[in-house]
Amino acid sequence: MNETPDKKTLVPNGGYPMHTYEDLKDLYYTYITDPEDRKMIEAAYLYAKEKHKDELRKSGEPYIQHPLEVAYILAQLQSGPATIAAGLLHDTVEDPDATIEDINARFGEDVAKIVDSLTKIQRLKLSHRTESDFEAEDHRKIFLGMAQDVRVIIVKLADRLHNMRTLDALTPDRQKALSKETLDVFTPIAHRLGIYTIQSELEDLSLKYLEPEKYQEILDLVNAKCEHRQESLAALKKRIADILFEKQIPFRMESRVKSIYSIYRKMYLKGHSFDDIYDVMAVRIITKSEMNCYEILGIIHATYKPIPGRFKDYIAMPKPNMYQSLHTTIISGDGNIYEVQIRTEDMDQIAETGVAAHWRYKEGEHYNAKEEQRDIEATLHWFRDFVSMSGENENEEAKDYMAALSNDIFNANVYVFTPLGKVIDLPTGATTLDFAYKIHTKVGDSAVGAIVNGTLVPLNTVLKTGDVCEIRTSKTASGPNLGWLDIAKTASAKAHIKKAIQKKNSDIMKDEAIRRGRDSALESFAAQDIGEGEMEKLLNQQKVFDQYGVATLEELYAAIDRKNPAPLTIIEFLNVRKKKEELKLDRHNSALDDKNPVFIKNAGNAKIELAHCCTPIPGDDIVGYVTKGKGITVHRVNCPNVQKAGSRLLSVEWKKDLGISTYPVDIEIFANDRTGLLADILSHLSSKGVTVNDLKAKVIQATMNDVVDLKIYVSDSKTLDDVFANLKAVKGVYEVNRIIH
Ligand code: MN
């Protein structure tokens, strides 16, 4: 008994045998033969040793022991050279002298990327450690970080395993905190990846620190049982061996004791008594082929009485983490109960090291991260859930997701069949809707019901193992709604439904905008006496789309809703404005006191008309022209049409005080072509109170100049000068003239 725990000597490496670099080398030399790879691993070791040379672990041993043991665990899993090197280097970037760039330069991008991910995960944990709110998000970020590359997960698990093995050096508080985190975060990952050896050791170590009494109690019970059963077990194994030899079936046999943590779970979380646990001791028979497995099963069942309901065929139906084996429970000749596990060598390898076995290093095969990711996704469909949730950042969302994800991880054990016999695995409690989304997102989005075992059922029906399920879809289905979020149980289905609802909402918003834009266009065009059909025809033209940078009529309406362009601008562009200014002119004229703005010297108020060719206005120098039978037309003196008229010309003058009348003037504007030019010209004129009519615009292709002809209404030549000055201030306009026709 140790009565002074404060002074207890810490055990280096937690009492586990300490490995040297030579041990590691011996191990990886057995399967890594490329001299370059070997050199790289050795260089990584020397680099790490140098970076950690002044550091000690809490237990007092040189720091390098930790990365060395991590690398050793990785080599036991037969990891590749980059993974082992990353294991050796994983803590070096904590040192300010070592950078990722440095590691990249020395050991290549592949190693650097793994070390970089590991360092990021490490820092993230440290910065958030005290805030429980961050926990779920943390976890997810770890997952995401890890999901980039399965090798990051494997190094992280090895790192955690060695830390857990050497936990004695820490304070009891830290021991408990790390053990809890290990159970919350790392063992579920190890389980999901099927790395059983690491999973069970992590679980047992965590339990030892979290529940020391219970751990010890179970350990004692197991030891007692093993001792007690030794003879019985030996007899069982001998008899089975005899029969298999006789039948000439290749095999090797071992016995295994259930892990402390799994017994703990059965006793304390599921309420079984120790004696009710049948598989505390199991006999494992490893053979050559799948066929052999079933043959051996037949022999065992013929020799011993199997316990009903205990047979499980994980060969035909592998667990989601790829585990395959036959399990049966039998009563031996002496009345003891044993579990028998039957599997091939390959299955055994996968049962122990899971993903690590699947991606075990093979000489000469180049690592390809993309290919690996595809492999992982195909083999472990749940990986997609991690990756597809890469969007950020809401804590709430992270928590929801974490909750949904743990559900997926811990309870993935309902197997449902498609009508064609494909097995779809789902978490317990999953519904036909989850099934639909597992088949395909589109099937989920258009699902209306399901046929389960021949009966039509709604989408919230919970599925059981063995159900045959077919999804009913409809093209006119209203699709995902908020209620579906309650029906769906899997994280992936929930994520898809949320996405679909968001999209639907934004579609509705878009439809709204199109409708409003169209209404506003209809109103403006109606004011120009243009009806719906005519308007659609006018707007649905490529030149209109080009002008306003849209691709479709709908987009144009949506743009109109944003007032960019305003409907009037389009009306001007199309040059379809109603000639209502003429009405205005009539009104003005009728308001005249004197319909005759000009008088003829010596002739008084003869009937006169202002010429249309040169559109004279008050202030212009004018001359009268006598037309037989029509009276007198007033021209500007420089109008070419009257230059040589000689004796038919009369001297005329503008009257004074002409009141509010305005007079038409034809003008011509030259400008450099640009979008919005017409709109600017028109808005300048309207801001000066100038009425416009008869707008004609054309582009001179050779020079890309615009020529705009307008009829405007002004009161006199002085006002016209102002208007000209104003127009010349419009960007792009370089010349404004009056026209003589
Ligand atoms: Mn470490």
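When reading the values below, keep in mind they use all heavy atoms of this one structure, side chains included, and skip hydrogens, waters and symmetry mates. Each residue takes its place number in the sequence, starting with 1. Numbering of ligands and ligand atoms starts at 1, following listing order.
- Cation-pi geometry between Lys25 and Tyr21 is not met: the NZ or CZ atom fails to fall both under 6.0 Å from the ring centre and inside 45° of the normal.
- Counting just the N/O/S atoms of Asp91, the one with the shortest distance to the Mn ion (ligand 1) is named OD2.
- The environment of NE2 in His228 is sparse: at most 12 heavy-atom neighbours from other residues, nucleotides or ligands sit within 6.0 Å.
- At least one N/O/S atom of His66, whether from backbone or side chain, sits less than 2.8 Å from the Mn ion (ligand 1).
- Per residue Asp159, closest N, O or S atom to the Mn ion (ligand 1): atom name OD1.
- Look at Asp102 and Arg106 and you find a salt bridge, because one of the NZ, NE, NH1 or NH2 atoms lies within 4.0 Å of a carboxylate O, short of that distance.
- Aromatic rings of His90 and His66 (six-membered ring for Trp) have centroids within the 6.0 Å cut-off, being under it.
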